[in-house]
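Counting convention: from 1, in listed order, for ligands and their atoms alike. The figures that follow rest on heavy atoms only: side chains count, while hydrogens, waters and symmetry mates do not. Computed from a prediction, not measured in an experiment: that's the story for all the values here.
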Amino acid sequence: MSNNIFQDIIDKKIPAEIIYEDDLALAFNDISPQAPIHILVIPKKPITKLSASDDDDQKLLGHLLLVVKKITSDKNISDYRVAINNGAEAGQTVFHLHLHILAGRTFGWPTG
Ligand code: 5GP
């Protein structure tokens with residue numbers, strides 16, 4: 001096991017309900033869903049958080065958003081929230097970049 005639970009999911013060392021996978025990205029259901037639909041989209045490249053990415057990641061970061069679009073389109077989800085928590089004070093608990101896709105209920109704004 002690594003000290004990064006998402007790396008263990010990428011490496012298939014621990015199970016996850018995988019929704020989508022390609023060479024660059026993986027998407028799976030969140031283990032503790034905060035909405036009826038709660039999917040995490042992660043890069044396979046071990047970027048700890050958005051602020052640790054760099055210009056070389058431009059294509060990868062765009063790809064992650066297109067994965068969000070593909071998943072929501074395939075599931076006929078029209079309204080959804082995409083969230084990235086960057087750093088502990090912003091709520092990040094797993095230090096491998098991930099996009100939350102949340103859907104299936106109404107969301108307030110601003111977030112708590
Ligand atoms: P963060 O708080 O870092 O933005 O989000 C981390 C997310 O990862 C949380 O929503 C949490 O429920 C989810 N998570 C943590 N450990 C696991 C795990 O082992 N499997 C899955 N599928 N999700 C996890």
Side-chain angles (χ1 to χ4, degrees):
M1 297 283 180
S2 72
N3 61 0
N4 173 351
I5 197 88
F6 290 175
Q7 188 62 53
D8 290 338
I9 290 175
I10 292 167
D11 295 339
K12 309 288 186 335
K13 289 179 182 166
I14 65 166
E17 295 172 7
I18 293 178
I19 305 291
Y20 174 85
E21 181 166 16
D22 63 27
D23 289 347
L24 297 175
L26 185 68
F28 50 90
N29 284 328
D30 196 292
I31 203 167
S32 178
Q34 302 302 308
I37 295 168
H38 188 169
I39 296 167
L40 301 171
V41 178
I42 69 172
K44 290 188 172 175
K45 179 179 176 181
I47 301 170
T48 55
K49 53 185 176 177
L50 184 62
S51 58
S53 65
D54 58 36
D55 289 353
D56 290 343
D57 297 316
Q58 180 175 2
K59 194 171 172 187
L60 175 59
L61 295 176
H63 181 70
L64 296 176
L65 286 175
L66 290 173
V67 169
V68 170
K69 180 186 164 187
K70 176 172 176 43
I71 291 169
T72 52
S73 172
D74 288 351
K75 291 181 170 294
N76 286 314
I77 302 167
S78 61
D79 293 10
Y80 53 90
R81 177 167 290 174
V82 179
I84 298 173
N85 296 327
N86 188 87
E89 279 193 34
Q92 186 174 9
T93 57
V94 177
F95 284 80
H96 184 119
L97 175 63
H98 49 283
L99 287 67
H100 297 257
I101 305 174
L102 297 147
R105 66 171 172 85
T106 301
F107 299 100
W109 188 261
T111 59

The atoms of ligand 1 lying under 4.0 Å from a heavy atom of Ser32, numbered in the order shown, are 12 (O)

Could you tell me, atom by atom, which parts of ligand 1 come under 4.0 Å of a heavy atom of Gly91?
1 (P), 2 (O), 4 (O)

Can you find an N or O of Ile31 that's nearer than 3.5 Å to an N or O of ligand 1?
yes

The protein heavy atom nearest to atom 15 (C) of ligand 1 is Val94 CG2, 4.0 Å

among protein heavy atoms, the one nearest atom 22 (N) of ligand 1 is Asn29 O, 2.9 Å

Okay, side chain of Asp74, backbone of Ile71: is any donor-acceptor separation there less than 3.5 Å?
no

Could you tell me whether ligand 1 has any atom less than 4.0 Å away from a heavy atom of Gln34?
no

Determine, using ring centers only, whether His98 and His96 are less than 6.0 Å apart.
no

Mark up the atoms of ligand 1 that fall under 4.0 Å of a heavy atom belonging to His98, in ascending order.
1 (P), 3 (O), 4 (O), 5 (O), 6 (C)

Can you confirm whether more than 12 heavy atoms, excluding those of Lys70, are under 6.0 Å from its NZ atom?
no

All heavy atoms of Ala103 vs all of Ala35, minimum pair found to be O-CB, 3.5 Å

What about His100: any of its N or O atoms under 3.5 Å from an N or O on ligand 1?
yes

Hey, is NZ on Lys12 packed in by over 12 heavy atoms from elsewhere, all under 6.0 Å?
yes

So the atoms of ligand 1 within less than 4.0 Å of a heavy atom of Ile9 turn out to be 20 (N)

According to a hydrophobic-cluster definition based on side-chain heavy atoms being under 4.5 Å apart (Ile, Leu, Val, Met, Phe, Trp, Tyr only), do Ile18 and Leu24 belong together?
no

Which of parallel (below 30°), tilted (30 to 60°) and perpendicular (above 60°) describes Phe6 and Phe28?
perpendicular

Compute the shortest N/O to N/O distance between Ile5 and ligand 1 and return yes if it is under 3.5 Å, no if not.
no

Before signing off on this row, confirm whether Asn85 and ligand 1 have an N or O atom pair separated by under 3.5 Å.
yes

Checking a contact table here: which protein heavy atom is nearest atom 7 (C) of ligand 1, and how many Å away?
Asp30 OD2, 3.4 Å

Of all protein heavy atoms, the one nearest atom 3 (O) of ligand 1 is Thr93 N, 2.7 Å

Return the minimal non-hydrogen interatomic distance between Gly87 and Gln92, and the atom names on each side.
N-OE1, 2.7 Å

Please determine whether any non-hydrogen atom of Phe6 lies less than 4.0 Å from an atom of ligand 1.
yes

Leu40 and Tyr80: same hydrophobic cluster, using ILVMFWY side-chain contacts below 4.5 Å?
no

